[in-house]
Amino acid sequence: MDSYNFKSIEKKWQDKWEDAGIFHAVNGSEKPKFYTLIEFPYPSGAGLHVGHPRSYTALDIIARKRRMEGYNVLYPIGWDAFGLPTENYAIKNNVHPRIVTADNIANFTRQLKMLGFSFDWSREVNTTDPKYYKWTQWIFLQLFKKGLAYKQEMPINWCTGCKVGLSNEEVVNGVCERCGSEVVQRRKSQWMLKITEYAQRLIDDLDEVNYLEKIKTQQKNWIGRSEGAEVKFTLSTGDEMVVYTTRADTLFGATYTVMSPEHPLIEKMKDSITNYGEVEAYQKAAAKKSEFERTELAKDKTGVKLEGIYAVNPANGEHLPVFISDYVLVTYGTGAIMAVPAHDSRDWDFAKKFDLPIIEVVAGGEDVQKEAYTDVYKGKMVNSGFLTGMTVKEAIPAMIDWLEKEGLGKRKVNFKLRDWVFSRQRYWGEPIPLVHCDKCGWVAIPESELPLTLPEVEHFEPGENGESPLAKATDWIKTTCPECGGEAQRETDTMPQWAGSSWYFLRYMDPHNDEALASKEALDYWSPVDWYNGGMEHTTLHLLYSRFWHKFLFDIGVVPTKEPYMKRTSHGMILGENNEKMSKSRGNVVNPDEVVNEFGADAFRTYEMFIGAFDQSTPWSQQGLKGCYKFLERVWNLQSIVNDEAGYSADMEKAMHKTIKKVGEDFERMKFNTAIAAMMALVNDFTKKGSVTKGEYMTFITLLNPVAPHMTEELWQTYGGEGFLSIQPWPKYDEEKTVDDEVEIVVQINGKIRDKLTVPADIDKTGLEELALANDKIKAAAEGKTIVKVIAIPGRLVNVVVK
RNA sequence: GCGGAUGUGGCGGAAUUGGCAGACGCGCCGGCCUUAGGAGCCGGUGUCACCGACGUGCAGGUUCAAGUCCUGUCAUCCGCACCA
């Protein structure tokens, strides 16, 4: 027996798998399909992080197990390769992002291949490949044609140093992440996608999928549905101001109203506002505030009263002052609110600052002059006309009914979800396939002209005023209008990184199709994705965006299912040894290349799965990794005690069946750590016994194969197994043989353990009671006391209660 | 502030429905082997006043029985952040 040499073994089997193509998914197979998906990586210059393989190994185990169970498995891989870090690197070093991307992909490919994942490499996709983004652009065109894409002025984060628009992630504490300069708000016309039109369906259809509950909750919270009412307030100018509220019950407690500084009525009422100068100054100051400042100053309310204006409370006719304040957002509801300081803490803060009256309309709290009372479950209405005496729950619909009857308001559902800002003033993204014609406006380019490829430019920096780098490609921009044939200009903005990743799982089904994003047959066969695993950080954006696109594609008849993913799970982060997030600056980064070089891919994979609970974050431990290597070595060394017997030996039979059951079930529940623990325990049993039958060994390495595929293939071959172990049937167990004949029963007195008995497994309650009462220790302990009760749980324990 | 998690040995973590707390691994201790051990093998390892008691962040409660259920509370992490 040679000693365990992972270096030669791993390369050898990776080559054999590739040559034989055993991990290729087959379109149109007779077998049942199983489609499992990991989030395709962004090929960064830093190379693979040890966090990537946590998800990849987990679903590799599932994919491998499914293949062994007879499924036609699709486990694909690709590259989410557009994006900022590549572009920034390209700018800094003046190389084309395409070259940077190709280099990074080559490195990632090498790293992923060295880990022995059973990906179908023949279906590799790359979002930056024109053959791929042709279809990203095609989907955008369909959205545009259905009126779901529109252009709007939006504030963007503008770095005053780099002179570029920044994503929210690039703004740290109000300054640019890279250069440290101040970041301000600038308005720019941007393409938007109407995801809000799908808000309700994005909530409702969560009932039809099997996502972790916390993922569903997070999606629902992000979409942020709220039920309330729009209420009309007539202003002294005769204008109508509509406010949105979820607490219509508190209308009698409104003591002032507030509009957001951007509200259009302000301009309209210009001549009636006696302090308009002051108002304008406030509007300007609010516009300049960055997101950061607005949040920072959240507690300290500011605002200006519109002098010369009042609003009439529709419930009681009272005249209320009107303010503008940036604590009211123009983007939510109607951009105006009625303020009820007694029962809303933000209004309370504002009222205190501006010395406005606070009127209690829900009784049950403390003194509302000292603190707002916001509880909606307790308390009764007071000072509220016809609502007085009702509970809050009764008063809300009662008030809305009244408002609707009087024509003063109506029920209204609002969502926090905003439309998706889809433009980027960047080079390394998909060009937006539209042209602007002075006569016809924005016009889609003909689908036959797709893909609209990125033009070559000299430099990749955005322009001085934040225009896209594509604006420099003057020849490319100039074109003719597809509609009228006149002069027209191409859109120079590109799509965000989220675009390519919103549909990539569809492309894997039929990656080389030139006629469609995938054939109907492929879509019908493979849809939906059966199991998708990824990080919690993608729960709100990526997951929501791709569900939105998928629903749209369903609506226009392109895909056969309403939802893209049937099951979604997520993994925890792997932290550095010091329990902090791994980062270059902290110096706690673990390099997968070094790990594999020293301990091999199988040990790396085993440790990634054994490191801790899969859904929890957990620190890396070099010692723990070594422990897993030692485990594999012990598995290898078992060869010295393997005999020729084909079946299971009598004393090991139960242990074998139990382990098969546990490992299979634990894999399905993503309890990889306990599955591996069970296999370690079995190896300990083998070692203790000093012999293993060939039958036991072959079954064992089959169980271990999804975790440590290289070494187990080698052992399979050594012991004359036929073909590849990776596609042998998954071991079966006999339920009857997982149950022990004899079990250990705990005997307690008043819940304290006094003795342990080994009894036949099928002994009943009465039998157990008798045994326990006959027990010497129990007799001694019960001496002179009364036995009140005896509780016997077969298979577990007997508890004797004495007094 | 809101939402989501998590608190168990020296460490990572086990413990389907309430039913032997600490599986498995690391580390540590002892032994064997060795010229040597950051190798291998064997044994031990929650704490303590060690024939017994105490132990799952803390304080209560329900129960024959609580890591698990209930009430309150503290701490840490993640996400969102004036959404009326």
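This is a predicted model, so every value here is computed, not measured. Below, read A as the first sequence line, B as the second, and so on, with proteins coming before strands; counting in each chain starts at 1.
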Practice item. For RNA chain B, just give me the dot-bracket, please: Watson-Crick or G-U, both distances below 3.5 Å, ( ) intra-strand, [ ] crossing earlier pairs, | paired with another strand, . unpaired. Key: (((((((..(((......[....)))((((((.......))))))(((...)))..(((((..]....))))))))))))....
Only distances under 3.5 Å count here; give the side-chain donor-acceptor pairs of residues 656-663 of chain A to other protein atoms, sequence neighbours excluded, each with its distance to 0.1 Å.
{"from": "A/His657", "atom 1": "ND1", "to": "A/Asp734", "atom 2": "N", "distance (Å)": "2.9"}
{"from": "A/Lys658", "atom 1": "NZ", "to": "A/Asp740", "atom 2": "OD1", "distance (Å)": "3.3"}
{"from": "A/Lys658", "atom 1": "NZ", "to": "A/Asp740", "atom 2": "OD2", "distance (Å)": "2.7"}
{"from": "A/Thr659", "atom 1": "OG1", "to": "A/Ala655", "atom 2": "O", "distance (Å)": "2.7"}
{"from": "A/Lys661", "atom 1": "NZ", "to": "A/Glu735", "atom 2": "OE2", "distance (Å)": "3.0"}
{"from": "A/Lys662", "atom 1": "NZ", "to": "A/Asp666", "atom 2": "OD2", "distance (Å)": "2.8"}

Point to revise | B/S/- contact track for nucleotides 38-54 of chain B, protein heavy atom under 4.0 Å | key: --SSS----------SS
Study note, to complete from the structure: Per-nucleotide protein contact along nucleotides 3-13 of chain B, 5' to 3', at a 4.0 Å heavy-atom cut-off (B base, S sugar-phosphate only, - neither), is SS-S-----BS
**Study point:** Base versus backbone protein contacts along nucleotides 63-73 of chain B [heavy-atom cut-off under 4.0 Å; B, S, -]
**Key:** -B---------
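Straight-line distance from the NZ atom of A/Lys658 to the C1' atom of B/rA23: 13 Å, rounded to whole Å. Note: CG (A/Leu625) to P (B/rC24) measures 21 Å, nearest angstrom. Distance, A/Ile753 CD1 to B/rG22 C1': 13 Å, rounded to whole Å. Look at CG on A/Leu768: it is 13 Å from C1' on B/rG19, rounded to the nearest Å. A straight line from NZ of A/Lys581 to C1' of B/rG79 spans 12 Å, rounded to a whole angstrom. Put simply, CG on A/Asp326 is 15 Å from C1' on B/rA84, counting in whole angstrom units.
Distance noted for atom P between B/rG27 and B/rA36: 22 Å (whole Å). A gap of 31 Å separates the C1' atoms of B/rG1 and B/rU8, to the nearest Å. Atom name P, nucleotides B/rU16 and B/rG7: the rounded distance is 14 Å, in whole Å. The same atom, P, is picked in B/rC11 and in B/rC58; the two are 15 Å apart, to the nearest Å. Look at the C1' atom in both B/rC78 and B/rA84: the space between them is 27 Å, to the nearest Å. Between B/rA81 and B/rG22, the distance separating the two C1' atoms is 41 Å to the nearest Å. Comparing B/rG9 with B/rG25, their C1' atoms are spaced 14 Å from each other, to the whole Å.
A/Glu580 pairs by the salt bridge (charged side-chain N to carboxylate O under 4.0 Å, His left out) definition with A/Arg586, not counting sequence neighbours. Scored by the ring-ring contact (aromatic ring centres under 6.0 Å, His included) test, A/Phe614 finds A/Phe672 as partners (sequence neighbours excluded). Taking A/Ser691 as the reference, A/Asn643, A/Lys689 meet the side chain to side chain contact (heavy atoms under 4.5 Å, CB included) condition, with sequence neighbours excluded. In this view, A/Glu742 satisfies the salt bridge (charged side-chain N to carboxylate O under 4.0 Å, His left out) rule with no residue, not counting sequence neighbours. For A/Lys378, the salt bridge (charged side-chain N to carboxylate O under 4.0 Å, His left out) partners are A/Asp375, not counting sequence neighbours.
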Exercise for review: Take A/Phe350 and A/Tyr256, measure what ring pair (Phe, Tyr, Trp, His ring centres under 6.0 Å) needs, and give me the verdict at the end.
Suggested key: CA-CA 10 Å; A/Phe350 191 88; A/Tyr256 63 103; 5.3 Å; yes
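Between A/Phe6 and A/Phe599, a ring centre-to-centre spacing not shorter than 6.0 Å is recorded.
With respect to the salt-bridge test (charged N to carboxylate O, under 4.0 angstrom), the residues A/Lys232 and A/Glu230 do not qualify. Taking the charged nitrogens against the carboxylate oxygens, A/Lys370 and A/Glu360 have no contact shorter than 4.0 Å, which rules out a salt bridge.
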Pairs under 3.5 angstrom, nitrogen or oxygen only, protein versus nucleotides 15-18 of chain B, please.
{"from": "B/rU17", "atom 1": "O4", "to": "A/Arg796", "atom 2": "NH2", "distance (Å)": "2.7"}

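Contact annotation for A/Arg225: no contact, since no heavy-atom pair falls under 4.0 Å across all strands. Among the atoms of the strands shown, none is found under 4.0 Å from any heavy atom of A/Gly333. Here A/Ser345 lies out of heavy-atom contact (under 4.0 Å) with every strand.
Sorted by first and then second residue, the salt bridge (charged side-chain N to carboxylate O under 4.0 Å, His left out) pairs involving residues 752-767 of chain A (not counting sequence neighbours) are A/Asp755-A/Lys777.
Regarding the sugar-base torsion, B/rG9 falls in the syn class, its angle being within 90° of 0. Base orientation of B/rC80: anti (glycosidic angle beyond 90° from 0).
Separation of atoms NZ (A/Lys352) and CD (A/Glu371) is listed at 11.5 Å; rounding is to 0.5 Å. Here CE of A/Met381 is found 7.0 Å from OG1 of A/Thr250. Values are rounded to the nearest 0.5 Å.
Under the 6.0 Å distance and 45° angle rule, A/Lys301 counts as a cation-pi partner of A/Tyr327.
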